[in-house]
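Input: a single structure, listed below in structure tokens.
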Amino acid sequence: MITNMLRGATALCLALTSLTFPSPTTATTTTTTTTRVPVPDVLPLEDAVGRLPVVEEDRTGYTRDSFKHWNTGLDAADGCDTRDEVLLAEAVQEPAVAAGCKLSGGKWDSYYDGVEVGEADDLGIDHMVPLAEAWESGAGTWDAERREAYANDQGAAASLVAVTARTIRSKADQDPATWMPPLPEAHCRYIGEWAATKLRWGLAADQTEAEALKVYAEACETTVVHYSPAP
């Protein structure tokens with residue numbers, strides 16, 4: 001069963017104090033062959049936003065069914081699908097788990113609106129970058145297997161987030177140019193997670209989106225983004 005520690009190990013991090021950024025990994029010369037271990041890129045939010053290619057988006061051919069979800073998750077034997085595993089990972093008070101991965105009790109903090117939630121059924125799992133937005137930003141050229149991997153991505157904690165269902169309905173498929181979390185204190189974190197998700201999956205931004213991201217990045221000068229490219 002998925003744990004908070006497992007997802008936390010690959011989490012996108014937000015820093016509220018200054019950090020020293022690591023230099024790029026370099027190979028060490030030895031007499032034996034060494035394995036290079038990938039490490040997350042770490043950069044200020046403004047630089048992360050600047051790395052996003054700006055292109056015209058195209059939603060032609062998009063259907064939600066193009067992204068298979070929810071699948072069996074990280075542990076196919078635990079009886080929980082990706083949605084359930086995210087709920088278990090993000091619970092601040094662990095729920096009881098009955099047969100068929102039926103969750104009861106527990107508590108969650110919905111960071112979009114600052115609401116504490118005590119019932120799993122009151123939560124939704126938001127794709128940080130909505131499926132339609134991903135499609136028009138580059139996923140439309142992917143094969144079905146990669147789109148499924150995107151839609152069920154638990155390799156980075158920011159890709160999928162448990163928040164109140166009403167905020168997900170409000171957001172729908174909008175990007176930060178037209179929608180932001182209702183809680184102002186969440187804005188810097190949200191922009192950081194949006195940029196990190198797009199960088200992780202090699203997605204682009206359109207001109208209006210890019211301009212909005214730059215404005216928020218200037219206001220969130222202490223926000224730091226960690227991301228690793230998706231496999």
Side-chain angles (χ1 to χ4, degrees), residues 1-17 19 40 42 45 48 69-131 150-172 174 176 179-197 200 216 220 222-228 230:
M1 185 173 290
I2 183 171
T3 64
N4 287 327
M5 182 175 296
L6 179 60
R7 281 168 52 89
T10 55
L12 177 150
C13 303
L14 301 177
L16 299 180
T17 57
L19 296 179
V42 184
L45 176 56
H69 67 292
W70 306 109
N71 64 20
T72 56
L74 296 178
D75 184 356
D78 67 1
C80 300
D81 62 15
T82 298
R83 180 185 188 280
D84 294 326
E85 289 184 351
V86 173
L87 288 171
L88 288 167
E90 296 195 1
V92 296
Q93 179 179 309
E94 188 174 356
V97 184
C101 205
K102 178 65 176 177
L103 307 182
S104 60
K107 287 184 180 179
W108 292 262
D109 290 331
S110 170
Y111 95 80
Y112 285 6
D113 49 7
V115 174
E116 183 181 274
V117 180
E119 292 292 339
D121 289 344
D122 293 334
L123 291 159
I125 305 302
D126 188 38
H127 290 94
M128 173 54 58
V129 175
L131 302 181
Y150 176 85
N152 296 274
D153 182 20
Q154 294 187 69
S159 297
L160 301 171
V161 56
V163 290
T164 55
R166 65 174 175 265
T167 58
I168 297 177
R169 290 192 295 269
S170 172
K171 174 181 174 178
Q174 299 177 82
W179 188 91
M180 287 291 286
L183 186 67
E185 293 83 354
H187 288 182
C188 290
R189 174 180 173 182
Y190 184 79
I191 292 296
E193 293 185 345
W194 181 278
T197 303
R200 173 170 169 77
Y216 282 110
C220 301
T222 59
T223 298
V224 177
V225 171
H226 295 214
Y227 79 93
S228 297

Could you tell me whether the side chain of Trp108 and the main chain of Leu87 form a donor-acceptor pair under 3.5 Å? yes
Could you check whether any side-chain N or O of Glu85 sits under 3.5 Å from a backbone N or O of Gly73, counting only pairs where one atom can act as donor and the other as acceptor? no
In chain order, what residues pass the ring pair (Phe, Tyr, Trp, His ring centres under 6.0 Å) check against His127, with sequence neighbours excluded? His69, Trp70
Report the residues that fulfil ring pair (Phe, Tyr, Trp, His ring centres under 6.0 Å) with Tyr111, sequence neighbours left out, ordered by chain and then residue number.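 Here no residue qualifies.
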To the nearest 0.5 Å, tell me how far [X] [atom1] sits from [Y] [atom2].
X	Y	atom1	atom2	value
Trp179	Tyr112	CH2	OH	5.5 Å
Asn152	Thr72	CG	OG1	8.5 Å
His187	Arg189	NE2	CZ	13.0 Å
Asp84	Asp75	CG	CG	12.5 Å
Ser110	Leu183	OG	CG	9.0 Å

Considering only heavy atoms from C-beta outward, does the side chain of [X] approach that of [Y] to under 4.5 Å?
X	Y	result
Thr223	Ile191	no
Trp194	Val129	yes
Pro182	Thr167	yes
Glu90	Leu123	no
Leu45	Tyr216	no

Closest heavy-atom contact between [X] and [Y]?
X	Y	answer
Leu131	Ala151	CD2-CB, 4.2 Å
Pro130	Ala172	CG-O, 3.6 Å
His226	Ala196	O-CB, 4.0 Å
Gly105	Pro95	O-CB, 3.5 Å
Glu94	Ala91	CA-CB, 4.3 Å

Of Arg166, Lys171, Arg169, Arg83, the residue whose pairing with Asp126 passes salt bridge (Lys or Arg N to Asp or Glu O under 4.0 Å): Lys171
Among residues at least two apart in sequence or on other chains, which ones pass side-chain hydrogen bond (donor to acceptor under 3.5 Å, both in side chains) with Glu119?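 Per chain and number, Glu119 pairs via side-chain hydrogen bond (donor to acceptor under 3.5 Å, both in side chains) with no residue.
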Go through the side-chain N and O atoms of Thr164 and Asp113 and say whether any donor and acceptor fall under 3.5 Å apart.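 Yes, side-chain donor-acceptor contact under 3.5 Å.
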